[in-house]
Amino acid sequence: MYTEKVMDHFQHPRNVGEIENASGVGTVGNAKCGDIMRIYLDIDENQIIRDVKFKTFGCGAAVATSSMATELVKGKNIQEAMQVTNKAVMEALDGLPPVKVHCSLLAEEAIHAALWDYAEKNGIKIEGLTKPKSDIHEDEEEEEEY
Amino acid sequence: MYTEKVMDHFQHPRNVGEIENASGVGTVGNAKCGDIMRIYLDIDENQIIRDVKFKTFGCGAAVATSSMATELVKGKNIQEAMQVTNKAVMEALDGLPPVKVHCSLLAEEAIHAALWDYAEKNGIKIEGLTKPKSDIHEDEEEEEEY
Amino acid sequence: MEKLIYLDNAATTKTAPEVVEAMLPYFTEHFGNPSSVYGFAAANKEVITKQRDIIAGVLGAKNNEIYFTAGGTESDNWALIATAEAYASKGKHIITSKIEHHAVLHTCEYLEKRGYEVTYLDVDENGLVRPEDVEAAIRPDTILISIMFANNEIGSIQPIQEIGKIARAHGVLFHTDAVQAFAQIPINVDECCIDMLSASGHKLNGPKGIGFLYIRKGVKIRSFIHGGAQERKRRAGTENVPGIVGLGKAVELAAASMEERAGKESGLRDYLIGRIEAEIPYCRLNGDREKRLPNNVNFSFQFIEGESLLIMLDMKGICASSGSACTSGSLDPSHVLLAIGLPHEIAHGSLRMTLGADTTKEDLDYTVDCLKEIVAQLRSMSPLYEDFVKKQEKNK
Amino acid sequence: MEKLIYLDNAATTKTAPEVVEAMLPYFTEHFGNPSSVYGFAAANKEVITKQRDIIAGVLGAKNNEIYFTAGGTESDNWALIATAEAYASKGKHIITSKIEHHAVLHTCEYLEKRGYEVTYLDVDENGLVRPEDVEAAIRPDTILISIMFANNEIGSIQPIQEIGKIARAHGVLFHTDAVQAFAQIPINVDECCIDMLSASGHKLNGPKGIGFLYIRKGVKIRSFIHGGAQERKRRAGTENVPGIVGLGKAVELAAASMEERAGKESGLRDYLIGRIEAEIPYCRLNGDREKRLPNNVNFSFQFIEGESLLIMLDMKGICASSGSACTSGSLDPSHVLLAIGLPHEIAHGSLRMTLGADTTKEDLDYTVDCLKEIVAQLRSMSPLYEDFVKKQEKNK
Ligand SMILES: Cc1ncc(COP(=O)(O)O)c(C=O)c1O
Ligand SMILES: Cc1ncc(COP(=O)(O)O)c(C=O)c1O
């Protein structure tokens, strides 16, 4: 079902944990749908992401996308971090099964939510960043296509 | 499907043939339904069935019941021959599959038809004998019983 | 029984040993449920996909257009009933032929009871549907045309491409029951404009209890069997993994050998037809002489009845079948033989012999020798033959 | 993979080697079509009858009340749809429960779209239907009650005898999906007043793609799959002879060992439940503790999600299943777990382990050891657990 990369990131998730007094924290998803991701960012004065940690409640893909997303933003500046889309996460993982694509969206959203928190705390505006939806599943509805 | 007796009578049918100038001949069934039986009787002046022959177009059971029916009436007087019912034929064959029961009816009917012919020719009345139906299948209709 | 000459490959075939071998590991080793998460079982999902690829390849279809079922009958039921339900708002008229298998005909009768109207097309004396009849039968409320690819009794191969094109031109869905034709003769679903196609494993040296329905992408029919999300949510029930693997293997083998087999079988078929016609009087070949399945021979022998013939052949170790009523427990002989215009008594005296990959010329020689003898014997005890001979003598 | 501990016997079972052995001759040797006239194939008809005898014997039913199908799903579809059609003139109301298998629930939804009305009964927190609820739901137009014998996820065994008696008293037909219960626990169709019963081969060490529907004599439902005259004209399609033989063998074996197996398995089951409850905090046993299938264990582990758990167990060679949405590709967790009142996030963290005849105490010890470790690991990376711990610390 999952690629080797996904399995690797699931089995050995990078950057699991918390950051005390983080520059920004974002939590997305909801327990109802079975995925919650929380991202902690430690951002320095040059707007470089010095450290990043995550915690995730969810399936294998949810864990792997969180892990990969943290890897992709680590050491980047916030502008670069904004470029880490769900597509980028998926590509870095060599793809996801169709039913799991929403996990990668969640990872993107979690990064954005943490950046939003950072921006709010510091009273700055990040280009292209909008307030995170509280539930990214809301507008998803599966309709089988034959 | 068939008992050993049926198979024996099918493989080695007794009394196949014709009787020239028979005392009575009866043909029943119709080609539409796939069975036709013709019975020839040679009846002596004491109303004893001296000889009997048959010809049958039909399935294995049709042949076997004709054969058995001829065996059962041979040497009997016409009153005794009237007692050779389809049940008697079936029993003598150790039974028939349910879908083949009509063959034994046909055999009974064929004997009766030949007797009727004999009675007509000789202007006598045989107790319990009615004019043969031209098609014994008419009032059969299968309705599956669950 | 010593000798066994199996000439009933249209009824069912021997499962090829390679097929059984391919299936075996999926009973006791890789027995997992393909819907499971763990690798041990999830691997079976890919195994199924592989079989789908094989089948799609043979038909010129796409992988996700193949749906596994429990056999040809279920496939036919699904195609007809689900189309009727899905397109009821467009119309309730279905076109089929009088020579379809009961899996189609009885399903049509079921639909008739549920408010649908069915046109049963006549066939010509060779058992062929006339494409112009199909076209003439199409109405604004026609939602489906279902014509079999080749007939199971008399082997006639229908003008499927012409019919498919007519269906397409009129925007009507086209289903074909290819249970007898698939992997026996070439079929391309695009060239023939086929929207749905039924097939069954056990007719092509695969296992019983497995088949498939091809459904062209875009055809909006739903499930026939409701439940779990298997087969892209269109056919519920835990996948019959060994069956699917066996079917895939059988299709692979059949497709690879198709041309060679067809050549060999049609040669033997014509040899058998030739000998019977030359050596047994008062017989008639049923079905088209040219547009005919490579393995099908069907004769009517006048004055005798099919079941007797079958039993006598059986006693000689020969397995064949008949359109006689007696073999089905019903009173009427084969609807196919009646549809090509045979009188009842001729239809009752029919014999179908369907060759297989193993059939040899020696088998057929032995069969004809037996047949000659048996036909003569049965005629000698037939009142119909007696009448016929007497009439002939009178006319002399 | 080195070690394989298979704890997903409710999903499917390994086909018993004796079953495969019993089937084998029917692929390549006795491959004939049971409807044929010649002895070679007609013998298969008797073989099928023998299997019917075995199954009927186990249920206290009559031979001709057993009809072979392609599996539990088809049996459920047949029972519901054909009853709905046959008794529509009496009424269009059906009663079932919220915890049925999708084979029943989705068929009910299909019937709802076709004008039927379905009452889905609630269950109590242990997953049991209340007989009084069944009785209260009966209306003059109720034609069918369909309640599963035992639940496939949480193993709860329903009060089938009480429900059957209520159905009988009110003159309503009673169907039970016994796919998980048949040959695992004793069932007598007369004692339980069961009119129809579904079962599936692959749940009891038989083959996939075969099952049966018991239909009490007198129940006037017709075919669901239309075509040939097989199965006393009630289920068309060439008989899956190897499958039927395999099913018969499996039932024979399962019935003979039922009592002993149930004793052994329920002992192991309770051992597993005991260790988990003692050693893993924040967990909940789902399903009734007493009225429970001998082989079913189902837990929810708070703060973690089921699919992750399954993958981690898989990495340790342990096969299990979960009611998590992620394992089914849908967004909602198991409808069964929601029906017993679990909140979504708890339902997502469920784990089902279903034992088999081969399961050993060592397997379970190893499983619990792994489980402890994995649950701790997943909790350590769960934001829900983080929040919970922080809240607890605050409250101290
Ligand atoms: C033309 C045709 N259609 C459908 C079927 C039904 O296939 P099955 O018996 O495998 O369900 C058959 C064979 O019996 C057939 O010959
Ligand atoms: C309770 C129940 N009913 C029906 C089914 C369907 O059986 P099958 O998948 O064999 O069609 C299953 C198993 O999947 C089940 O557990």
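Just so it is clear, the structure is predicted and the values come from calculations on it, not from any experiment. Residue numbering restarts at 1 for every chain, and letters A, B, ... go by the order of the sequence lines.
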* To do: Show your working on side chain to side chain contact (heavy atoms under 4.5 Å, CB included) between His102(B) and Glu109(B) and close with a plain yes or no.
  => CA-CA 10 Å; His102(B) 71 274; Glu109(B) 202 64 29; over 6 Å; no
* Is it the backbone or the side chain of Phe303(C) that comes under 4.5 Å from a heavy atom of chain B, or both, or neither? -> backbone
* Relative to chain C, which segment of Pro13(B) carries a heavy atom at a distance below 4.5 Å: side chain, backbone, both, or neither? -> side chain
* Checking heavy atoms, do the side chain of Ala62(B), its backbone, both or neither come under 4.5 Å from chain C? -> neither
* Side chains of Lys208(C) and Thr12(C), donor plus acceptor under 3.5 Å ->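 Yes, Thr12(C) and Lys208(C) have a side-chain donor paired with an acceptor closer than 3.5 Å.
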* Pair Asp94(B)-Thr3(B), side-chain donor/acceptor within less than 3.5 Å -> no
* Asked: Considering the options Asp76(C), Thr69(C), Asp177(C), which one meets the side-chain hydrogen bond (donor to acceptor under 3.5 Å, both in side chains) requirement together with Ser198(C)?
  ->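 Among Asp76(C), Thr69(C), Asp177(C), the one meeting side-chain hydrogen bond (donor to acceptor under 3.5 Å, both in side chains) with Ser198(C) is Asp76(C).
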